[in-house]
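The chains referred to below are lettered A, B, ... by the order of the sequence lines, with proteins before strands, and numbering in each begins at 1.
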Number of protein chains: 4
Amino acid sequence: MSLTGTRVRDAAVELFAERGFHGTGIRDLAERAGLSSATLYHYMGTKEDLLVSIMTESLERLLKAGERFTGSDPLKRITDLVELHVLTHATHRLETRVVDDEMRALSPDRRGAVVALRDRYEALWQDAIDAGCADGVFHVRAPKVARLALLEMCGGVARWYAPAGPIALEDLALRYAEMALGVLGAAGPPPVFQVDSVRRVQVIVDEIWA
Amino acid sequence: MSLTGTRVRDAAVELFAERGFHGTGIRDLAERAGLSSATLYHYMGTKEDLLVSIMTESLERLLKAGERFTGSDPLKRITDLVELHVLTHATHRLETRVVDDEMRALSPDRRGAVVALRDRYEALWQDAIDAGCADGVFHVRAPKVARLALLEMCGGVARWYAPAGPIALEDLALRYAEMALGVLGAAGPPPVFQVDSVRRVQVIVDEIWA
Amino acid sequence: MSLTGTRVRDAAVELFAERGFHGTGIRDLAERAGLSSATLYHYMGTKEDLLVSIMTESLERLLKAGERFTGSDPLKRITDLVELHVLTHATHRLETRVVDDEMRALSPDRRGAVVALRDRYEALWQDAIDAGCADGVFHVRAPKVARLALLEMCGGVARWYAPAGPIALEDLALRYAEMALGVLGAAGPPPVFQVDSVRRVQVIVDEIWA
Amino acid sequence: MSLTGTRVRDAAVELFAERGFHGTGIRDLAERAGLSSATLYHYMGTKEDLLVSIMTESLERLLKAGERFTGSDPLKRITDLVELHVLTHATHRLETRVVDDEMRALSPDRRGAVVALRDRYEALWQDAIDAGCADGVFHVRAPKVARLALLEMCGGVARWYAPAGPIALEDLALRYAEMALGVLGAAGPPPVFQVDSVRRVQVIVDEIWA
DNA sequence: AATGAATGAGGCTTCATTCAT
DNA sequence: TATGAATGAAGCCTCATTCAT
């Protein structure tokens with residue numbers, strides 16, 4: 001994408017996250033991007049196109065990363081997914097918030113495709129949870145509820161985490177992994193080499209979000 | 001409140017929850033309430049006044065209910081708070097979503113009072129968590145993170161729970177209480193008489209939301 | 001007029017003078033009169049009716065007073081008219097301002113009657129000026145201009161005179177009488193018994209505005 | 001200013017003068033300017049901004065012209081000021097009426113700056129009058145009243161003068177100069193070369209209003 | 001006598017978008 | 001690539017007025 005195109009996209013991510021899609025005007029976008037509102041239209045379709053592309057890109061990356069974890073055992077898988085979710089929501093706070101909060105702003109005919117992506121991503125979680133339950137590793141009575149609870153819990157990071165704050169990114173991911181296993185009633189001792197796990201996930205994130 | 005006034009408020013709750021504050025127009029409100037847009041203004045101040053009153057009322061109720069639990073031991077207290085939060089977010093899904101999602105739509109000079117209410121409510125949670133950690137009942141390394149995670153997790157219920165769906169309200173509350181204790185690393189056997197706990201909380205909710 | 005009716009009229013006079021007819025809302029009137037806006041309509045027709053009645057009453061009084069002076073010699077007549085105009089504009093500042101400033105707010109079909117009244121009043125001035133010129137008492141090259149100039153000059157009093165201020169009412173009237181004679185190029189010494197003149201005019205004003 | 005910008009300004013001057021600020025709607029302005037009401041906003045800020053700019057420009061010109069006269073003797077100075085005021089009010093009737101009549105329509109926070117300009121202009125008059133009194137050239141007992149009376153008298157021209165009417169512009173200015181000296185009780189014979197005076201003032205007006 | 005409720009029309013202003021340059 | 005100009009639709013809100021009670 002062109003340098004200016006990136007400026008437009010960044011402006012949109014910032015403002016959609018801060019004020020919401022409907023709370024952001026074209027003029028706001030133009031000002032933030034340092035352009036006139038007419039010029040904006042050289043770099044985007046409609047305002048909604050911009051929203052869709054932000055969401056799509058973000059979800060595709062998340063999905064791409066999440067798919068790297070299929071194959072491993074459920075506990076490892078869910079741990080990786082939690083770490084992935086937390087790391088991305090902590091380091092790409094704005095765009096993840098747009099994805100999580102602005103779905104309702106999509107018009108009916110654009111919503112389908114985006115929701116489908118999100119559903120595929122969430123299916124990765126559900127599969128891991130269900131597999132863990134089947135294996136007797138997790139103990140939850142309502143696995144779907146657990147998925148929803150975990151996603152809300154982990155996604156919330158984007159609403160408050162401050163990179164410059166007192167909590168290091170790796171610690172954050174570890175805390176959430178611990179809490180997630182608590183939610184799932186995971187028996188037994190926590191898996192070893194945890195920091196390594198976070199770092200491996202971070203490498204994937206860095207690659208896909210490059 | 002007058003019958004029509006209630007219709008206006010209800011319309012606002014529905015639409016602000018569905019489409020967001022900025023996504024809801026005055027004409028939408030009027031249509032949903034079955035009034036002309038001019039008549040709307042006999043029953044409200046500005047659109048923002050309406051939002052503020054919805055939020056304030058909702059938060060004051062939550063706070064009032066939450067304060068009933070101070071005094072009991074931390075584990076009981078956090079269980080009650082989780083059940084309160086889940087029950088209210090499940091049965092008053094619309095207004096709780098407005099509270100949780102539309103804070104950013106408030107203008108700077110209205111935000112303070114609402115945030116203060118929310119902070120007082122969240123302090124009830126933090127106090128319970130901190131007390132549980134001090135007592136050795138909970139095992140979390142980042143108590144503030146735990147509070148944020150729990151609130152997001154429990155509040156998420158308002159986004160998906162269907163009263164007519166397969167999960168009974170009491171079960172829902174119990175599942176979340178279990179998960180919350182998992183998040184907090186609560187040692188030992190789960191407390192007995194759980195259904196009774198949910199029912200006692202429900203009584204309080206019924207009273208305050210009457 | 002009923003006591004409440006008077007309150008409505010007074011409110012209108014005040015607000016029309018302060019903010020103009022178009023700058024004054026029905027709600028403003030109601031609030032100033034201490035009534036609901038619906039109740040207002042028990043004491044008036046439309047907002048324009050109110051304006052018309054204020055103007056008509058004021059002009060009729062002015063005309064009635066002015067007509068008392070016909071018959072005397074031009075210099076005395078114009079002096080009396082100036083004193084009348086100044087005294088009324090100083091003591092009934094608000095309603096005279098409404099008359100002088102809000103004529104344009106009248107709809108075409110109401111304007112005629114009011115303008116006719118004003119024209120009859122101004123004719124008294126023109127007659128006096130013309131007679132004085134014919135008598136050689138006044139020396140002006142454009143008598144109509146002189147009339148317009150004098151009326152603007154004297155009417156201006158309503159825009160700034162403060163009854164509680166440093167200038168006594170009688171002095172004010174005398175100063176304007178002097179200035180007016182200056183405008184008209186009145187030769188010879190000023191008429192004697194000037195304070196008496198003002199007082200006689202004041203008596204008439206008191207009677208008609210009772 | 002752009003051609004269209006000028007059209008907007010001209011439309012505003014016309015309508016504010018005819019109907020008053022509050023009597024003029026945005027749609028009226030747009031129609032008169034031959035634009036849509038949305039396009040109007042490319043050429044102005046708010047409706048009040050438009051009013052302020054009209055007033056400010058007009059007053060700044062008046063002030064600039066008036067300051068050219070400082071230095072000369074009081075009788076000459078006041079004559080020049082009267083001629084300036086009359087000429088401008090006769091040839092720029094609309095904008096001067098806006099300045100004289102719409103001050104009250106300004107919101108409190110915009111009024112200050114405009115009133116300050118007007119006060120500086122009126123101070124030029126007061127200074128000339130006071131100096132003439134000190135020199136014994138004028139004979140007025142209330143110099144401030146004289147200033148107010150003169151300004152009202154001369155400004156009134158904008159309310160009735162018709163350029164195509166029977167009175168030539170120069171004559172008008174001369175008549176008002178004569179009347180003004182009458183108001184001020186100026187002793188002695190009138191200054192000679194009067195027409196030249198008007199013409200010199202007209203040159204200044206032409207330059208500044210170019 | 002008094003008013004709460006109601007409204008169509010209109011208040012000023014901004015919306016997202018297009019297009020000629 | 002960039003933007004001033006343009007606009008129909010809509011934004012929130014107030015207008016003057018009526019009417020049932």
Could you tell me the separation between the [atom1] atom of [X] and the [atom2] atom of [N], rounded to a whole number of Å?
| X | N | atom1 | atom2 | result |
| --- | --- | --- | --- | --- |
| A:Leu51 | E:dA16 | CG | P | 13 Å |
| B:Asp28 | F:dA9 | CG | C1' | 14 Å |
| A:Leu15 | E:dC15 | CG | P | 13 Å |
| A:Ile26 | F:dG4 | CD1 | P | 16 Å |
| B:Leu3 | E:dG4 | CG | P | 18 Å |
| D:Phe16 | E:dC12 | CZ | C1' | 12 Å |
| A:Arg19 | E:dT14 | CZ | P | 15 Å |
| B:Glu31 | E:dT7 | CD | P | 14 Å |

I need the minimum non-hydrogen distance between C:Arg32 and C:Arg19, along with the two atoms involved. NH2-NH2, 3.8 Å
Would you say that [X] contacts [Y] through its side chain, given a criterion of any heavy-atom pair below 4.5 Å between the two side chains?
| X | Y | result |
| --- | --- | --- |
| D:Arg97 | D:Leu94 | yes |
| A:Thr88 | A:Arg61 | no |
| D:Glu48 | D:Phe21 | yes |

Taking the side chain of [X] as heavy atoms from C-beta outward, which of [options] is closest to it?
| X | options | value |
| --- | --- | --- |
| B:Met44 | F:dC13, E:dT17, E:dT3 | F:dC13 |
| A:Ala38 | E:dG8, E:dC19, E:dA2 | E:dC19 |
| C:Ser36 | F:dT3, E:dT3, F:dC13 | E:dT3 |

Regarding B:Thr24, tell me which of base, sugar-phosphate or nothing describes its non-hydrogen contacts under 4.0 Å with the strands shown. sugar-phosphate
For B:Thr46, report the nucleic acid contact type (base, sugar-phosphate, nothing); a contact means any heavy atom under 4.0 Å. sugar-phosphate
Using Watson-Crick or G-U wobble geometry with both distances under 3.5 Å, which nucleotide pairs with F:dA9? E:dT14
Does any nucleotide pair with F:dT21 by Watson-Crick or G-U wobble geometry, both distances under 3.5 Å, and what is it? E:dA2
Are any of [X]'s side-chain N or O atoms less than 4.0 Å away from OP1 or OP2 of [N]?
| X | N | answer |
| --- | --- | --- |
| B:Arg27 | F:dG11 | yes |
| D:Thr39 | F:dT7 | yes |
| D:Tyr41 | F:dT7 | no |
| D:Tyr43 | F:dG4 | no |

Comparing B:Thr4 with B:Ser37, nearest DNA chain E nucleotide closer to 5' gives the residue B:Thr4
Contacts of D:Lys47 and C:Leu40 projected onto DNA chain E by closest heavy atom; the upstream (5') one is C:Leu40
If you count every heavy atom of other residues, nucleotides or ligands that lies below 6.0 Å from C:Glu57 atom CD, does the total exceed 12? yes
Which residue lies more 5' along DNA chain F, comparing C:His22 with B:His22 via nearest heavy atoms: B:His22
To the nearest 0.5 Å, what is the distance between CD on C:Glu102 and OG1 on C:Thr24? 8.0 Å
So, does the side chain of C:His42 form a donor-acceptor pair with the base of E:dA2 at under 3.5 Å? yes
